[in-house]
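This report concerns only the one structure given below.
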Number of protein chains: 2
Amino acid sequence: MTKATGIASRLSKAGYRLTPQRIMILDAIEGASGHISAEEIYQKIKALYPGLNISTVYRTMELLKETGMVTETDMGDGRVRFHSVGHEHHHHLVCSRCGAVIDLDEAVLAPLTTLLTEKFGFSADLKHLAIFGHCKDCDR
Amino acid sequence: MTKATGIASRLSKAGYRLTPQRIMILDAIEGASGHISAEEIYQKIKALYPGLNISTVYRTMELLKETGMVTETDMGDGRVRFHSVGHEHHHHLVCSRCGAVIDLDEAVLAPLTTLLTEKFGFSADLKHLAIFGHCKDCDR
DNA sequence: TTTCGTGCAAACCCTTTGCATTTGC
DNA sequence: GCAAATGCAAAGGGTTTGCACGAAA
């Protein structure tokens, strides 16, 4: 039913089949404002298409990571979040006390990235880093 | 049998009982060169004291985190690592491809920490950060 | 003695996997 | 038609929890 969107066609070009499940999952990630967990993707789609199984979500995420269409972030709560690569990169300051999340522009970490490359030949993948600490309200 | 060391006595001062299990766990963490997982602590102690249960390790780690004697790092492999706060802080560059871990001095991140404080009033807890990316050997 | 900590076993949560069936190409 | 993808159900790995017994203070 759904027409292959740009990002979906990238999938088929990469040699993967375009199944309705994959298209819906892709849509869900695209539509998400930011990070989204496997469970959230699953629930979102299940409302429209109850047949979906969560293992399909996980398998699709695996594939999208391999294709470089999605990245993974560990926000420290025991479940991984996914993020479409198309979206602008940003980072998060996560308050360990109240759970507040402050968005952080990519530019803030640019100097660090440069330094790591120059000094260690290490290309940091800081697409969606989560930095833990205390926000100003929770700072004793 | 073991005498309460400095760090162990901090525990009792905080109102917690000094059990042999806790002392052994404390020793294991102190003795560890760097990060150590719950399972590793457990195995290390089990050799001498087979009665130990891993749930005790987890409960003790919880308590040590609350007391601020230990910090937690997620190295991205699905299990959390612990680190004695007494040890000098350092960071890790983790290669997502080959798994290599490069140690990074705390000073490297100092400018970033300062910036986050000044700009966002956020006090980052960068005691043991893991930065993912590719090391120079794996960089295509 | 009283409260706190431990061992044990089972539960939990997120994620992965084997297998038979279905489906895209 | 055939290989690849899905659904289902069960397993897996790390971590947590309820409960009765045992031990620190």
Side-chain angles (χ1 to χ4, degrees), chain A residues 1-5 8-26 28 35-46 48-67 69-70 72-82, chain B residues 1-4 8-26 28 35-46 48-67 69-82:
Chain A
M1 87 197 253
T2 314
K3 221 40 194 44
T5 63
S9 72
R10 276 187 59 184
L11 253 197
S12 63
K13 272 179 201 137
Y16 297 107
R17 292 185 182 169
L18 232 45
T19 66
Q21 290 91 333
R22 286 180 178 170
I23 292 171
M24 289 187 285
I25 291 171
L26 238 13
H35 295 89
I36 186 170
S37 68
E39 181 67 27
E40 285 163 345
I41 295 171
Y42 174 61
Q43 291 301 341
K44 219 166 159 178
I45 298 173
K46 204 158 193 209
L48 310 144
Y49 175 66
L52 183 70
N53 190 280
I54 196 161
S55 62
T56 302
V57 176
Y58 280 108
R59 283 190 272 232
T60 303
M61 298 323 293
E62 196 54 44
L63 180 155
L64 294 178
K65 279 188 286 172
E66 276 169 19
T67 332
M69 299 167 73
V70 147
E72 213 182 67
T73 316
D74 190 333
M75 306 269 290
D77 65 344
R79 81 186 63 187
V80 157
R81 312 292 171 118
F82 303 96
Chain B
M1 92 200 247
T2 315
K3 221 43 193 47
S9 70
R10 278 186 59 183
L11 254 196
S12 64
K13 273 179 201 139
Y16 297 107
R17 292 185 182 168
L18 232 43
T19 66
Q21 290 90 333
R22 286 180 177 169
I23 293 171
M24 288 187 286
I25 291 170
L26 238 12
H35 295 88
I36 185 169
S37 68
E39 182 67 28
E40 285 163 346
I41 295 172
Y42 174 60
Q43 291 302 341
K44 218 166 159 177
I45 298 173
K46 205 158 192 209
L48 308 144
Y49 175 65
L52 183 71
N53 191 279
I54 196 161
S55 62
T56 301
V57 175
Y58 280 109
R59 283 191 272 232
T60 302
M61 299 322 293
E62 196 53 45
L63 181 155
L64 295 177
K65 279 189 285 173
E66 277 169 19
T67 332
M69 298 166 73
V70 146
T71 54
E72 211 181 69
T73 316
D74 191 333
M75 305 269 290
D77 65 345
R79 82 185 62 184
V80 157
R81 312 292 171 116
F82 303 96

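Lettering follows sequence order; numbering is per chain, from 1.
- With axes fitted over five pairs at each extremity, the angle between the ends of the helix from C/dT1-D/dA25 to C/dC25-D/dG1 is 30° (10° resolution).
- Taking all atoms of both residues into account, the shortest heavy-atom contact from A/F82 to A/A38 is CE1-N, 4.0 Å.
- Going from atom OH of B/Y58 over to atom C1' of D/dT16 covers 9 Å, rounded to whole Å.
- If you check every strand for non-hydrogen atoms under 4.0 Å, B/F82 touches nothing.
- Between B/Q21 and B/N53, the closest side-chain pair of non-hydrogen atoms is not below 4.5 Å.
- Contact detail for B/I25 and B/T56: the closest heavy-atom pair is CD1-O, 4.1 Å.
- Of the candidate nucleotides D/dA25, D/dG7, D/dA5, D/dA25 has the atom lying nearest to any side-chain atom of B/L18.
- Residue A/A28 comes nearest to A/I36 through the heavy atom pair O-CD1, 4.3 Å, listed as atom of the first residue, atom of the second, then distance.
- Protein atom OH of A/Y16 is 14 Å distant from nucleotide atom C1' of D/dA3, rounded to whole Å.
- When the side-chain hydrogen bond (donor to acceptor under 3.5 Å, both in side chains) test is applied to A/R22, no partner is found at least two apart in sequence or on another chain.
- Here the C1' atom of nucleotide D/dT6 and the CD1 atom of A/I25 are 10 Å apart, to the nearest Å.
- Nearest heavy-atom pair across B/L52 and B/K46 is O-CE, 4.1 Å.
- B/M24 has its CE atom 14 Å from the C1' atom of D/dA23, to the nearest Å.
- Of the two residues contacting DNA chain C, namely B/P50 and B/G15, the nearest-nucleotide position lying further toward the 5' end is that of B/G15.
- Between the P atom of D/dG14 and the CG atom of A/D74 lies a distance of 15 Å, rounded to the nearest Å.
- If you measure from atom OH of B/Y49 to atom C1' of D/dA23, you get 10 Å, rounded to the nearest angstrom.
- OP1 and OP2 of D/dA23 both lie 4.0 Å or more from every side-chain N or O belonging to B/Q21.
- For DNA chain C, the span of nucleotides reached by chain B at under 4.0 Å from its heavy atoms goes, 5' to 3', from C/dT3 to C/dC8.
- Mapped onto DNA chain D by nearest heavy atom, B/A38 and B/P20 fall at different nucleotides, with B/A38 at the one closer to the 5' end.
- Across A/T67 and A/A14, no two heavy atoms sit closer than the pair CG2-CB, 4.1 Å.
- The structure places CD of A/E39 at 4.5 Å from CD1 of A/I54, a figure rounded to the nearest 0.5 Å.
- In this structure, B/I41 places its CD1 atom 14 Å from P of D/dG14, rounding to the nearest Å.
- For the pair B/R79 and B/S37, the tightest heavy-atom approach, listed with the atom from each and the gap, is CD-CB, 3.8 Å.
- Heavy atoms of A/I54 sit nowhere under 4.0 angstrom from any nucleic acid atom.
- Here the P atom of nucleotide D/dT16 and the CG atom of A/D77 are 13 Å apart, to the nearest Å.
- Note that the OG1 atom of A/T60 and the CG atom of A/L26 stand 8.5 Å from one another [nearest 0.5 Å].
- Partners of B/K65 under the salt bridge (Lys or Arg N to Asp or Glu O under 4.0 Å) rule, at least two apart in sequence or in another chain, are B/E62, B/E72.
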Just the table, please: protein N/O against nucleotides 18-22 of chain D N/O, every pair under 3.5 Å.
unit_1: D/dG18; atom_1: O6; unit_2: B/R59; atom_2: NH1; d: 3.3

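- The salt bridge (Lys or Arg N to Asp or Glu O under 4.0 Å) test applied to B/R81 returns B/D77, not counting sequence neighbours.
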